Structure formats: structure tokens, C-alpha cells
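Presented below is the structure to which this report refers.
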Amino acid sequence: MKRLGVLMMILLGFGCRPEPATEYDLIISNVNLIDGTGSPLKEVISVGIKEGKIKALAKALKGKSNTYLNGSGKYLIPGLFDCHIHTIDYQKDFPKFMHYGVTSVFITGGSLCTDAYYAEMREHGEQDSIPAPRVFHTSQHFSMEGRHPSKTYPSNQWRDGESIFYLKDTLQIEGLVQRVAQHPNTGIKLTIEDGPHPPFVERMPFEFVEKTVKEAEKYDLEVFAHVSDNEELAMAIRAGVQNLVHFTGVDLNPNNSIQVQLLSEFRKRDPSWVTTLMIDKSFWYPLYPDWFESKSLLPEYQAMRKRVTEKSKWFATAYLNMYKESYGLTEDHLPVLMTPQVQDIQFLYDKGFNMVLGTDTGNDFNFHGYSLHEEMQLLEMGGMQPLDILKMWTLNAAKMLAVDHELGSIEVGKLADMVLLDKNPLEAIENTLAITTVIKNGKIQQRIH
Ligand SMILES: [Zn+2]
């Protein structure tokens, strides 16, 4: 008996009964990993996912699972964020985001966006058995009667006190911010701008902007502002705004000492700035449908062609002329048109601004899910590197939304939102469209197209 006891001890001590292998819900094996942090690609990595989270990343993963995805020759990137969207039919639009790998969206107001509508969309986004992205959103627009966006985008759905707040005097702002703070808004949407194109409306007076920022600070809420030119940019910075949800219309000049001083003041606030190059491209569609359709087989584009009218062509011409004049351009060629904006974005990126991608989808010729890929192609066209673009699309977006502790990159401990690609996006950014699988919360998502 004594000898048997010793034998048992030896057997146990020398590992004859090894630890059971870790059970994962999903393993993606031997994939090329682009983790979204800006680090270079890592080859032949296996990813172990359990209970919706990334539990292990290793060259040789010890563990087993009932579900395997063979990642050989494929590329894994984090789930993507579109940080400026609108929808008036989320049940139709949410599956499109998921189809194109967009696992999180930031909704920046809209004519239907009452507290109840936002709550419905958030609830949808919390599911992982139906194709719906995670939903983050601002408050309703803080605007004024007869201004942007209710005058420039008229609809009888804009309802003061429900889907939009018309500021009548600065005293009213205290109560409105208090109301907004009771709901899970990421911040306050403040529309300073005088409209994106002619005919312009009046812009919001400075004291309204300043008071909103001051009241928001009491509740630790950040302000997400619309600006559409340099004057409004200066107003936003002087008033203490923390985030800008558009880039278009702003023209930076590194030789302008006043502007450089303003930007360095802004930088100290660690602001986020959303690109929305798709605004310009979509506004020009009625004049140049080929810019869209030459590469894309998206059926929606064909349907959109029927919506081009004389009025939309007039508007496109007015906008294009204004744009060319402001940048001193003479040629109607998409890369030429995009370059000045992308150079400004690159300048800010290099200065350490948290640059983030958004599309302002919900406007005509700007498609839910798909157009975020176009946004990236425009950045690449203007000279940015794919690795930087991918970071703007993922980790920077999560940082702006204050969820970078759990989303935005493929790192152990984070939620498993990721996209598997057939082609390498670092070789050409359009390869982000070569999607084979979309994963949200560790679950493989249904794709609709
Ligand atoms: Zn918008």
C-alpha cells in the first residue's frame, strides 16, 4: 500500500494527469493580425474567444473549441466604428452596418431621435443574435429655430423639446443640459454651423456655445459640435468644445500664427475630430456618378442614379464651386479635390489629435456601412497610410466614445468585435471590403447582402 501511495504521488507530481485544455467558444487559428493599436501586422496568431471576450492571443494556442475559423492566409482587424451616422429606419440600416463590418456606430442626432427612439436603438444594439451594431449617441441637437439642421434639412419630424432643442435664450440651457444628463448620452450635440452649403442660415451666437459647454462640464458631459468653416472652428475652440463631428469646410494654414495658437490650445484638451470626407463626395454625386460607380457594384448606387434631378445638380455645382474656391483648386478630379483636406487631417494626426472616421451617412449618396469603406479610400487617395487609417477607424473611435478599455482593438480582455478579411488592407485600403466574417461579442454575425 505504501509503495502504491508513493507511485500515485510520483504520477501526479510528474503531470501524468495534465491540466484540462482551456475550452474556448471560438478559436480563430493562424491568422495575420492587425490589432488596431497602430502596431505592425503580426503573422500566424491564434485567437481564443470565450464569453464574448478575447481571452488569448498566441502563436501556438493551447486550447480547444467546438467552433474554429481557419485564419490561414486571412487578415483579422477590429470591428469598425462609424462615428457620425444618422438613420430614420434603423431596422433596415443596422444589418447593412454589420454586413460591412461596422460593429459600432455613433449616432449624432436626427429628426426621429427622441429619448424613446434612442432607447429602442440602444436595445437593438445590445443584441448579438440579430445583426445590429453597438449604439452610442449624442443628445438631441442643441440648435435654434430656423437654423441648421431643421431649416436646411426640413422635415415635420423635427419636434422642439423631443427630437431637437431650439435654444431661445441662454438661461434655458441649464435645464436642458440637466435633462440630457439623465439619459445615457455620450455627450451633447451642438450645432454651431450656418449650414453645409448655400443658401446659408445664421450660425449660433458665441454666448450660447459657451454656456452649453459650461453647463455640460457640471455633469462631466463633453460637447460634440458641428462647425463648417474656420470662423466657427475658432468659436468652438474659444468656448471650450471638446469634440468636432465634421471636418469639411475647415481649411488649416500652418503659416497662420493665430490659427496655430488656437489649435495648440485645442490640442491640450485632448480633443477628437471626426473626418466625414464622404459629405463632399456624396454632395458631388449628381455631377460625377462615375466617381462612385466605377469600382462599386453596390445596387443602391444604381437606384440612386434615378434620384438625380436638376435641383440636385444645381446644388452640387454650387457646392463644388464653393469648395474649389475655398481651396484654390481648378480641376474636377476626385484625388485633387480630396488632397487639401487629407493633408490637414494628416497634419492634425501628426500633432497628436485623436482623429476618428465618420461618414454622415443618412444623407443621399452616402450608404450605411459601405460608405465608411469609401471614407477610408478617400483618406488613402489623399496620401494617408492604411495602418494609420485603420487606427482612426477603431481604437481612436473607441477613445472618443470613452470605451477604449473594452473596444477598439484586438487585445486580451477586450470584447471580441472583429472582422476577418480575405485580402491585406495594409496593401490597399479597399481590401477592407474583402470581408468573409463579422464577429460581434464573440459571435459570428449574419450578413445580409
Ligand atoms: Zn450629421
Side-chain angles (χ1 to χ4, degrees), residues 81-90 93-94 96-97 102 104-114 117-118 121 133 135-144 147-155 157-158 163-166 180 185-197 200-201 203-204 209 212 222-229 232-233 236 241-250 272-285 315 319 323 341 345 355-372 374-375 378 392 397 400-401:
F81 288 68
D82 189 337
C83 279
H84 187 141
I85 78 136
H86 303 284
T87 174
I88 51 168
D89 187 350
Y90 71 86
D93 296 334
F94 279 4
K96 294 180 187 168
F97 283 113
V102 183
S104 298
V105 294
F106 186 44
I107 306 171
T108 53
S111 59
L112 293 183
C113 290
T114 60
Y117 196 68
Y118 268 148
M121 291 195 281
V135 171
F136 303 92
H137 58 82
T138 62
S139 71
Q140 293 85 343
H141 280 267
F142 278 45
S143 180
M144 298 173 96
R147 304 205 182 174
H148 184 64
S150 61
K151 178 79 182 282
T152 42
Y153 292 85
S155 156
Q157 301 288 350
W158 293 112
S163 62
I164 192 164
F165 299 136
Y166 291 139
V180 161
N185 294 299
T186 299
I188 289 175
K189 170 74 179 269
L190 183 67
T191 310
I192 302 172
E193 71 166 290
D194 55 359
H197 50 73
F200 295 110
V201 292
R203 62 170 66 103
M204 183 177 279
V209 180
T212 305
E222 293 197 346
V223 171
F224 292 78
H226 259 214
V227 298
S228 60
D229 59 33
E232 291 159 1
L233 172 67
V241 162
Q242 295 90 350
N243 308 282
L244 297 169
V245 290
H246 276 306
F247 193 81
T248 188
V250 169
S272 292
W273 204 330
V274 182
T275 59
T276 65
L277 297 170
M278 271 307 291
I279 290 270
D280 300 302
K281 190 179 172 190
S282 62
F283 281 177
W284 298 325
Y285 176 89
F315 159 72
Y319 186 74
Y323 183 95
Q341 275 199 74
I345 291 167
M355 303 306 288
V356 176
L357 294 199
T359 56
D360 211 354
T361 180
N363 285 290
D364 275 355
F365 317 119
N366 196 335
F367 299 97
H368 297 95
Y370 179 82
S371 287
L372 190 60
E374 289 186 284
E375 182 79 17
L378 294 173
M392 288 164 67
M400 179 176 87
L401 303 173

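If you're wondering where the values come from, they're calculated on a predicted model, not measured in any experiment. Whatever order the structure lists them in is the order used to number ligands and atoms, beginning at 1.
The distance cut-off of 2.8 Å around the Zn ion (ligand 1) captures these protein N, O or S atoms, sorted by chain and number: H84 NE2, H86 NE2, D360 OD1.
The salt bridge (charged side-chain N to carboxylate O under 4.0 Å, His left out) check on E232 picks up R203, with sequence neighbours excluded.
The distance from atom CZ of F136 to atom CD1 of I85, rounded to the nearest 0.5 Å, is 12.0 Å. Residue E222 holds its CD atom at 13.0 Å from OG1 of T138, rounded to the nearest 0.5 Å.
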Practice prompt. Report the C-alpha distance between K189 and H226 in whole Å, list the side-chain angles of each, state the deciding distance to 0.1 Å, and finish with yes or no for side-chain hydrogen bond (donor to acceptor under 3.5 Å, both in side chains).
Written response: CA-CA 8 Å; K189 170 74 179 269; H226 259 214; 3.1 Å; yes
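Paired with F106 under the rule ring-ring contact (aromatic ring centres under 6.0 Å, His included), one option of F97, F81, F224 passes, and it is F224.
A distance of 6.0 Å or more separates the ring centres of Y323 and F283.
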